[in-house]
K.L.:
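Sharing a structure, written as structure tokens. Questions coming.
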Amino acid sequence: MAETFLLDIAQRVVEKIAHLSMEELGLAFNVESDLRKLKETMSSIKAVLLDAERQQHQNEKLRLCMWKLRDIFYDAEDVVDDFECEALRKQVVNHPNISFKVRFLASCSLPLSFSFKMGHKIKSINQRLNELATEWNNFNLGQGTDNRHVFHRETHSCVNSSDVIGRDVDKENIIDLLMKPSEDPNIPVIPIVGIGGLGKTTLTQLVYNDDRVTRCFPLKIWICVSDEFDLSRLLKLIIHSINKGEKCDNLTVEALQICLRSLLNDKKFLLVFDDVWNENRARWIELRDILGSMDYLCGSKIIVTTRSLKVAFIMSSIHPYELKGLPFEDCLTLFIKWAFNNEDERQYPNLMRIGKEIVQKCKGVPLAVRTLGSLLFLKTDESCWISIRDSEIWMLEQSENDILPVLKLSYNHLPSHLQRCLALLSLFKKDEIYYSDQVVYLWMANGLLEHPKQKQDWEDVGDQYLNELMSRCLIQMNQDYGDVFTFKMHDLIHDLALEVSQKECKIVNCQTKPIDENVRHLSFCDDKQINVAQVFTKLKNVRTKLPSSFYKLRRLQSLRMRGVPLMQLPVSMETLIELRYLEITIKAKKLKGSRLRSWTSLQCLVLVDCDNLECLSKKMKCLTGLTHLILYGCTELSNRYHV
């Protein structure tokens with residue numbers, strides 16, 4: 001289901017209005033008053049957005065109302081951006097010799113005509129919010145803390161080993177770790193880590209039910225932790241797992257630990273904590289210390305399954321066991337098991353040929369194989385198989401235990417700012433190698449990064465976001481070059497990003513039909529000729545465009561034109577007054593500066609393969625917002641400026 005990203009948008013707009021220096025901008029009194037009213041209204045709406053996000057999936061009217069709000073909030077942000085851009089432009093006009101290293105807005109009273117024009121826009125936005133207020137208030141939304149990601153998922157210890165394919169080696173590896181003596185003063189914890197749908201729980205079930213494990217651990221306890229890592233709850237679950245007749249529901253934590261002590265006394269146990277999301281180290285230590293105080297026998301062990309490397313490192317000093325995808329042949333065997341009845345596959349060689357291509361789409365994830373195999377069970381029409389093969393996984397209908405809903409749990413656990421950052425990665429092609437600096441600059445240009453704290457740069461904040469996504473197994477390190485690194489994204493995570501961003505981001509190719517006018521980010525991923533006029537019909541609000549030829553989009557904030565060499569910057573680019581990130585290839589010897597005067601908001605200029613470019617324009621001083629000038633393959637320039 002497409003996401004509105006409403007909470008993050010609201011937060012960003014409120015912060016932008018707060019940072020506007022209204023007195024220095026010399027706004028008319030009524031404009032200043034309307035801006036303050038807009039901020040107050042948006043702040044009050046933002047206060048109940050967490051509750052709205054929780055309820056929207058069961059309330060279609062609320063969800064539609066949130067989409068209307070999203071468009072209004074975006075329009076409000078556009079108005080605030082107009083103020084910032086005009087102020088920067090006036091600053092350049094009034095102070096033509098100013099260095100681009102300046103990071104403040106000098107006092108620059110804006111023209112009355114501009115102030116009144118913006119005033120009408122703000123009044124219109126306030127009026128639209130007022131019209132929506134009655135509908136919004138009828139939902140009786142309340143304020144709350146950010147527990148929107150709490151979903152109760154149940155797992156169990158039972159497994160039919162004949163249904164499990166390709167995990168024998170992993171099973172033996174985990175059993176070896178269980179049998180290995182440990183010198184850890186605490187109960188040794190073995191973390192199993194991987195993305196959703198990879199089979200962490202299934203592998204643990206196999207280990208749990210192995211005869212050798214049963215002989216080694218007379219007492220076995222299986223706890224599905226899921227979201228709620230609450231000390232009292234977990235102690236009760238452990239007690240009930242050992243003795244279902246134990247009455248402990250109303251006991252205090254002190255009484256619970258006394259009860260558990262009597263049950264674990266002189267026992268050697270294996271305790272499984274399945275599906276752990278808690279990243280609060282203090283909560284784990286509190287539970288660990290209680291378990292460690294028990295009079296259990298030496299050799300007791302704990303297995304933890306999680307999607308987060310951070311969780312693994314919090315709970316264990318042992319290096320996590322990072323579960324990998326299944327080999328193709330094992331995936332194919334699993335697919336046959338779910339798509340065909342008994343040995344029917346031998347009767348349908350044409351379907352098997354298509355089936356192999358479908359299995360390739362799953363990239364080794366067993367749950368994805370099972371999901372697509374189940375969709376085709378007892379279907380022998382070749383067109384059905386071709387349709388599944390040629391469809392994006394995120395576009396296929398799925399139940400709550402299928403691959404995308406399972407992966408969506410990882411997305412739901414992300415803070416709202418990271419959700420939007422992940423969604424924006426859908427603009428890149430599948431299997432693309434991402435460069436950390438380019439991604440950070442893209443996020444920065446779109447205002448998705450929090451303001452750096454003391455002694456931090458924007459890059460530090462962006463790298464922090466990337467490390468967070470990496471620790472949650474949503475992206476994987478490819479190669480580390482020191483200041484910059486490359487990373488990859490699993491195809492299924494890319495499908496997830498496409499699914500949540502489908503009304504925010506759009507990948508354009510030669511078959512793309514007219515695009516929803518409210519789409520904000522575009523990516524061109526086709527070498528064939530694209531009908532630009534058709535694609536951009538009614539589009540006014542696009543903020544990101546990767547890559548391909550330029551087109552008039554006044555709200556554009558990110559433009560990547562790598563591989564589209566230009567002799568000079570087109571005249572029409574002067575209209576891009578909100579541009580913050582530009583990646584471009586110039587084939588001339590000198591960069592002419594007449595186009596630069598309007599780019600006062602530009603933060604990052606990336607010049608790629610500008611082999612002939614010998615010098616930059618003196619008009620670069622007009623770029624008062626520029627913080628990064630990056631050269632790739634620009635030999636002459638690099639030599640001239642000793643880069």
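Along the sequence shown, the residues carry numbers beginning at 1.
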K.L.:
With a 4.5 Å heavy-atom cut-off, do L469 and L414 have their side chains touching?
P.N.:
yes
K.L.:
Scan K39, K121, K123 and name whichever one has a salt bridge (Lys or Arg N to Asp or Glu O under 4.0 Å) with D34.
P.N.:
K123
K.L.:
On the 0 to 90° scale, with breaks at 30° and 60°, tag the F485-F487 ring pair as parallel, tilted or perpendicular.
P.N.:
tilted
K.L.:
Could you tell me if the side chain of D227 sits less than 4.5 Å from the side chain of H413, heavy atoms only?
P.N.:
yes
K.L.:
Heavy-atom distance under 4.5 Å between the side chains of R580 and Y441, does that happen here?
P.N.:
no
K.L.:
Once rounded to the nearest 0.5 Å, what's the spacing between atom CD of E131 and atom CG of N126?
P.N.:
11.0 Å
K.L.:
Write down the atom of L448, the atom of H417, and the distance for their closest heavy-atom approach.
P.N.:
O-CB, 4.5 Å
K.L.:
Pairing donors with acceptors under 3.5 angstrom, does anything connect the side chains of S308 and E279?
P.N.:
yes
K.L.:
For K587, does the NZ atom have more than 12 heavy-atom neighbours from other residues, nucleotides or ligands under 6.0 Å away?
P.N.:
yes
K.L.:
To the nearest 0.5 Å, tell me how far Q603 CD sits from Q557 CD.
P.N.:
9.0 Å
K.L.:
Looking only at heavy atoms, what is the nearest atom pair of V439 and F428, with distance?
P.N.:
CG2-CZ, 4.4 Å
K.L.:
Between D71 and R128 (salt bridge meaning N to carboxylate O under 4.0 Å), is one present in this structure?
P.N.:
no
K.L.:
Using a 4.5 Å cut-off on heavy atoms from C-beta on, say whether the side chain of V500 contacts that of K408.
P.N.:
yes
K.L.:
Measure across C604 and M444 and return the closest heavy-atom pair with its distance rounded to 0.1 Å.
P.N.:
CB-CE, 4.4 Å
K.L.:
Measure the spacing between CG of L422 and CD1 of I475 and express it to the nearest 0.5 Å.
P.N.:
8.5 Å
K.L.:
Within a strict 4.5 Å, meaning less than it, do heavy atoms of the S501 and L424 side chains meet?
P.N.:
no
K.L.:
Could you go step by step and tell me if R12 and F73 meet the side chain to side chain contact (heavy atoms under 4.5 Å, CB included) rule?
P.N.:
CA-CA 10 Å; R12 195 170 66 184; F73 281 12; over 6 Å; no
K.L.:
Parallel, tilted or perpendicular, judged at 30° and 60°: which one describes the rings of Y465 and W443?
P.N.:
tilted
K.L.:
On a heavy-atom basis, which atom in Q398 and which in P405 lie closest, and how many Å separate them?
P.N.:
OE1-CD, 3.5 Å
K.L.:
So does E504 pair up with R420, basic N to acidic O under 4.0 Å?
P.N.:
yes
K.L.:
For the CG atom of L442 and the CG atom of D437, what is their distance to the nearest 0.5 Å?
P.N.:
11.5 Å
K.L.:
Check the pair L427, C505 against side chain to side chain contact (heavy atoms under 4.5 Å, CB included), reporting the backbone distance first and the verdict last.
P.N.:
CA-CA 7 Å; L427 290 172; C505 305; 3.8 Å; yes
K.L.:
If I compare all heavy atoms of R307 with all of V406, which pair ends up nearest, and what's the gap?
P.N.:
NH1-O, 2.7 Å
K.L.:
With heavy-atom distances below 4.5 Å as the criterion, would you say the side chains of L498 and I507 are in contact?
P.N.:
yes
K.L.:
Applying salt bridge (Lys or Arg N to Asp or Glu O under 4.0 Å) to R36 and E40, what does each step give before you reach the verdict?
P.N.:
CA-CA 6 Å; R36 295 191 193 283; E40 291 170 5; over 6 Å; no
K.L.:
Is there a side chain to side chain contact (heavy atoms under 4.5 Å, CB included) between N130 and K37 once you walk through the steps?
P.N.:
CA-CA 11 Å; N130 289 337; K37 180 182 177 183; 3.7 Å; yes
K.L.:
Have E15 and Q11 got a donor and an acceptor in their side chains that come within less than 3.5 Å?
P.N.:
yes
K.L.:
Would you indicate whether the side-chain heavy atoms of I577 and S601 approach each other to under 4.5 Å?
P.N.:
no
K.L.:
Dump the intermediate steps for side chain to side chain donor-acceptor pair (under 3.5 Å) on N446 and S558, then the final yes or no.
P.N.:
CA-CA 7 Å; N446 282 281; S558 306; 3.0 Å; yes
K.L.:
Rounded at 0.5 Å granularity, tell me how far CD in Q419 sits from OH in Y411.
P.N.:
4.0 Å
K.L.:
Is a salt bridge present between K16 and D81, judged by a nitrogen-to-oxygen distance below 4.0 Å?
P.N.:
yes
K.L.:
Nearest 0.5 Å please: distance from the CG atom of L6 over to the CG atom of L50.
P.N.:
10.5 Å
K.L.:
Does atom CG of N137 have more than 12 heavy-atom neighbours, drawn from other residues, nucleotides or ligands, at distances under 6.0 Å?
P.N.:
yes
K.L.:
Report yes if the side chains of L616 and L629 come closer than 4.5 Å at any heavy-atom pair, otherwise no.
P.N.:
yes
K.L.:
Dump the intermediate steps for side chain to side chain contact (heavy atoms under 4.5 Å, CB included) on I45 and L129, then the final yes or no.
P.N.:
CA-CA 10 Å; I45 292 173; L129 286 173; 4.1 Å; yes
K.L.:
Can K430 and E392 be counted as an ion pair, charged N to O under 4.0 angstrom?
P.N.:
yes
K.L.:
Could you report the tightest heavy-atom contact between V440 and L466, atom names first, then the distance?
P.N.:
CG2-CD1, 3.9 Å
K.L.:
Under 3.5 Å, is there a donor-acceptor pair between the side chain of S124 and the main chain of H120?
P.N.:
no
K.L.:
Test L582 against every option in L607, V606, L605, L556 by the side-chain contact (heavy atoms from CB on, under 4.5 Å) rule and name the one that passes.
P.N.:
L605
K.L.:
Report yes or no: do D463 and S436 form a side-chain donor-acceptor pair below 3.5 Å?
P.N.:
no
K.L.:
Can you see whether E583 engages Y581 through a side-chain donor-acceptor pair at a distance of less than 3.5 angstrom?
P.N.:
yes
